[in-house]
Amino acid sequence: MAKTPNLTEALKKHFGFDKFKGDQEAIINNVLHGKDTFVLMPTGGGKSLCYQLPSLLMEGTAIVISPLIALMKNQVDVISHLSEVEGTAHYLNSSLNKAAIDQVRADIRDGRTKLLYVAPESLTKEDNVEFLKTVKISFYAIDEAHCISEWGHDFRPEYRRIRPIINEIGKAPIIALTATATDKVRTDIKKNLGITESDEFKSSFNRPNLYYEVRPKTKDVDQDIIKFIKQHPGKSGIIYCLSRKKVEELAEILRANDIKAQAYHAGLESTLRSQTQDDFLMEKIDVIVATIAFGMGIDKPDVRFVIHYDIPKSLEGYYQETGRAGRDGGEGLCVTFYSYKDLQKLDKFMEGKPVAEQDIGRQLLQETAAYAETSICRRKMLLHYFGEQYEKDNCHSCDNCLHPKTKVEAQDLLVIALNAISAVKENFRSDYVVDFITGRETEEILAHHHQELDAFGAGEDEDEKIWNPVIRQALIAGYLEKDVENYGLLKLTSAGKKFLKHPVSFQIVEDTEFSEDYEADHEQMSGTSALDPTLNAMLKDLRKKWSKQMERPPYVIFQDVSLEQMATDYPVTLEELKNIQGVGEGKIKQPYAKEFVDLIKRYCDENDIVRQADLRVRTVAKKSMLKVKIIQSIDRQVALDDIANAQGLEFEELLDEVEAIVYSGTKLNIDYFLDEVMDEDHVDDIYDYFSDSDTDDLEAALDELGEDYSEDEIRLVRIKFISEMAN
């Protein structure tokens with residue numbers, strides 16, 4: 001076992017740094033003295049140095065077990081660049097051919113290799129085990145050690161086999177390293193690796209330079225992301241999506257809007273993935289749209305923003321992914337888009353998995369939802385999740401602290417909650433406790449006969465939405481804790497028991513509600529500007545003028561929704577007008593189109609309007625390809641129901657698409673289909689109705705025309721009318 005009198009000199013010699021960060025020196029000393037070591041250090045804290053430097057100073061070869069090939073290659077390249085000895089670092093994984101494996105083994109036998117990176121799958125291969133038995137092992141480093149725990153965000157069953165394999169190869173000190181681990185995960189790791197007595201080094205999880213924000217995920221989420229990126233031009237960012245399909249779609253949309261972006265996920269060819277990583281590091285592209293496969297081991301210090309398009313499955317995953325921003329201590333903006341629908345989708349994905357796995361997954365998901373919906377300081381909540389107290393009341397660097405909600409007194413509510421937890425013998429999780437407090441007779445409560453207890457239903461007169469924030473904020477305040485072994489069971493702390501005897505003021509903030517109509521209530525959060533009523537009135541007057549001139553109903557000129565968007569987005573050229581809903585090439589060619597944009601331009605000039613036209617989102621061709629196919633099929637006189645089947649659409653969905661086509665100015669002739677499926681008199685009656693009506697509203701037409709006419713018939717004739725009269 002080698003010892004060095006001066007680690008700072010060794011650091012300077014091998015890595016060129018003048019001083020260690022945080023606990024690095026103490027950790028390295030621990031490893032050099034042959035002690036088992038557990039390291040909990042956030043992303044960017046310098047974990048890899050904790051095993052790289054001692055491996056260069058000790059006799060033998062250090063085995064580094066890592067789950068990612070990209071990480072191995074990256075780190076081997078770094079060490080090889082620093083070392084004068086060829087073969088100082090190698091990796092052993094499925095990407096190597098036999099000749100390359102033979103070379104690695106030769107370098108190890110010759111004593112040149114100090115660091116060997118191995119994937120857990122490669123470590124368990126019999127011929128590798130037999131070879132490593134013949135090697136002097138200085139120590140084992142288990143990187144991304146949270147993969148051992150089912151409670152970790154990236155559980156890998158093969159990580160559970162590491163300890164038995166180590167026993168087979170030959171015992172040596174172990175250093176386990178992870179960037180994210182709750183108390184539950186930490187206990188799991190140490191127990192599974194057989195290092196329960198190891199020295200533990202835990203760095204602070206607080207990243208003061210990171211800004212945290214959760215935004216409502218509306219239908220305009222793509223537009224919101226484009227606006228955000230354009231407000232941070234030339235800066236590097238990562239956008240995380242849960243599905244490969246969404247990754248590719250979003251990357252395509254960003255490129256269509258002049259943003260240098262590429263997709264990254266495990267389904268792409270490895271050469272393309274490597275090229276994308278290199279292009280990102282070399283700043284040939286600004287934005288990577290990725291599944292969570294991207295970023296681990298990619299040492300880019302100046303990632304300026306991390307966006308979560310979808311809510312992550314766990315707070316550990318969220319913390320690690322946001323941790324890739326601002327690793328140089330500079331700006332790091334972490335923006336997450338959240339909707340309750342996404343949560344339900346993730347919950348549904350768990351169906352069919354083993355019950356124990358579902359249970360763990362749902363609890364982790366609940367923690368993420370709690371983080372998204374909370375109105376308290378996000379930093380405080382995040383650090384509490386990882387077992388760390390954040391003492392300040394306002395971090396000044398999260399959306400909740402920058403826009404604080406009014407606190408409400410909840411002393412009596414906390415008394416009810418603590419009494420309820422005590423009444424059910426501190427043996428249940430928060431969802432059960434909330435059901436108990438609100439007097440909900442669920443199957444589980446009836447099975448335990450808890451409806452017979454005096455405390456049952458003690459809070460039924462309160463809004464049931466208040467109980468989750470009460471419990472969560474009581475956890476953060478230290479009145480409650482979650483059992484580590486049976487994760488999620490609520491226990492009263494000594495402070496909680498004291499509170500019950502002598503209640504004191506307990507103020508909380510209520511959760512943010514992400515309801516279905518959230519989008520309408522919180523337009524300012526999605527960055528959309530408000531409709532300009534003065535301009536809207538002027539546009540309606542102009543429409544009325546053209547309606548009289550052309551002897552057509554006003555909606556034939558432009559629908560209300562089109563005018564409202566014009567009065568919101570201020571298009572001042574015909575090209576910009578095409579981005580307005582319900583306006584297409586056909587409308588642009590109409591004689592009145594130029595007059596509308598001229599009016600808007602004059603209005604903007606006279607009123608000094610600052611427009612956001614440069615942030616207008618251009619959609620990609622995929623949607624328009626569907627429209628092209630529909631137009632071509634109608635030109636060939638294919639029956640509409642056959643077109644719907646061919647495109648995998650419901651008939652109503654096809655009508656939506658056809659309406660969008662004709663309303664945006666394209667002429668379509670569907671007479672061949674109407675002749676086939678409708679009575680001629682019915683067609684004439686509905687056509688006459690729209691000729692005389694001031695509105696194209698479907699409900700109004702149904703009321704006026706009566707029960708003899710179906711909704712589909714009215715919609716079909718309305719399509720014919722708009723096509724002939726407007727286009």
Side-chain angles (χ1 to χ4, degrees), residues 206-208 210-218 221 224 228 308 311-312 315 318-319 322 333-343 365-385 388-418 430-431 433-434 437-438 459 461-480 499 503-528 530:
N206 187 21
R207 296 280 307 282
L210 298 190
Y211 164 79
Y212 301 104
E213 180 182 347
V214 178
R215 297 186 184 188
K217 187 175 182 181
T218 68
V221 61
D224 293 346
F228 178 90
H308 279 91
I311 194 78
L315 275 184
Y318 171 80
Y319 182 85
T322 55
L333 305 171
C334 308
V335 177
T336 301
F337 288 91
Y338 173 68
S339 83
Y340 194 67
K341 274 183 191 165
D342 282 356
L343 205 66
L365 210 49
Q366 277 174 10
E367 299 279 9
T368 316
Y371 171 81
E373 292 172 11
T374 190
S375 295
I376 68 163
C377 170
R378 296 201 190 279
R379 191 173 308 274
K380 190 185 278 280
M381 189 157 179
L382 206 50
L383 293 179
H384 178 265
Y385 182 76
E388 187 177 334
Q389 287 300 111
Y390 183 70
E391 300 302 337
K392 295 179 188 172
D393 285 334
N394 190 317
C395 75
H396 300 288
S397 194
C398 77
D399 52 349
N400 288 343
C401 284
L402 292 179
H403 309 285
K405 269 192 173 181
T406 308
K407 290 186 172 184
V408 294
E409 182 56 60
Q411 178 185 319
D412 295 344
L413 301 180
L414 182 55
V415 168
I416 291 172
L418 295 178
S430 60
D431 48 356
V433 171
V434 171
I437 291 170
T438 53
D461 295 335
E462 301 290 338
D463 182 347
E464 64 181 65
K465 294 192 193 85
I466 198 69
W467 295 108
N468 275 323
V470 167
I471 291 169
R472 286 202 292 265
Q473 290 169 60
L475 281 159
I476 287 168
Y479 295 123
L480 289 172
F499 183 93
V504 293
S505 173
F506 175 63
Q507 294 200 319
I508 66 164
V509 284
E510 294 174 23
D511 280 355
T512 300
E513 265 195 75
F514 287 81
S515 57
E516 293 305 310
D517 55 357
Y518 192 94
E519 178 183 344
D521 299 338
H522 292 73
E523 277 196 322
Q524 73 280 8
M525 288 188 75
S526 66
T528 55

Counting distance only, does the side-chain N/O of [X] pair as donor-acceptor with the main-chain N or O of [Y] below 3.5 Å?
| X | Y | value |
| --- | --- | --- |
| Lys380 | Lys392 | yes |
| His308 | Val335 | no |
| Lys405 | Ile508 | no |
| Asn400 | Thr374 | yes |

Beyond-backbone contact of [X] with [Y], side-chain heavy atoms, under 4.5 angstrom:
| X | Y | answer |
| --- | --- | --- |
| Leu413 | Phe506 | no |
| His396 | Cys401 | no |
| Gln411 | Val504 | no |
| Leu414 | Gln473 | no |
| Leu402 | Tyr211 | yes |
| Gln389 | His384 | yes |

If I compare all heavy atoms of [X] with all of [Y], which pair ends up nearest, and what's the gap?
| X | Y | value |
| --- | --- | --- |
| Glu409 | Gln507 | OE1-CG, 3.7 Å |
| Ala372 | Ile311 | CB-CD1, 4.0 Å |
| Cys377 | Asp393 | CB-O, 4.4 Å |
| Pro208 | Ser397 | O-OG, 4.3 Å |
| Ile471 | Ser430 | CG2-CB, 4.2 Å |

**Message:** Is the ring pair Tyr212/Tyr371 parallel, tilted or perpendicular, if the boundaries are 30 and 60 degrees?
**Reply:**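 Perpendicular.
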
To the closest 0.5 Å, what do you measure between [atom1] ([X]) and [atom2] ([Y])?
| X | Y | atom1 | atom2 | answer |
| --- | --- | --- | --- | --- |
| Ile466 | Ile416 | CD1 | CD1 | 11.5 Å |
| Ile476 | Tyr390 | CD1 | OH | 13.0 Å |
| Leu210 | Thr322 | CG | OG1 | 6.0 Å |
| Leu365 | Leu315 | CG | CG | 10.0 Å |
| Cys395 | Arg379 | SG | CZ | 4.5 Å |
| Gln366 | Arg472 | CD | CZ | 9.5 Å |

**Prompt:** Taking atom types as modelled and ignoring hydrogens, do the side chains of Thr336 and Glu213 form a donor-acceptor contact shorter than 3.5 angstrom?
**Reply:**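 Glu213 and Thr336 do not have a side-chain donor-acceptor pair below 3.5 Å.
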
**Request:** State whether a side-chain donor-acceptor pair under 3.5 Å links Tyr338 with Glu373.
**Result:**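 Yes, because at least one side-chain N or O of Tyr338 sits under 3.5 Å from a partner of the opposite role on Glu373.
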
**Message:** Do the side chains of Arg215 and Asp399 get close enough for a salt bridge, i.e. N-O under 4.0 angstrom?
**Reply:**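 Salt bridge absent between Arg215 and Asp399.
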
**Prompt:** Between Asp342 and Lys217, does at least one N-O distance fall below 4.0 Å, as a salt bridge requires?
**Reply:**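 Judged by the 4.0 Å cut-off on N to carboxylate O distance, Asp342 and Lys217 do form a salt bridge.
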
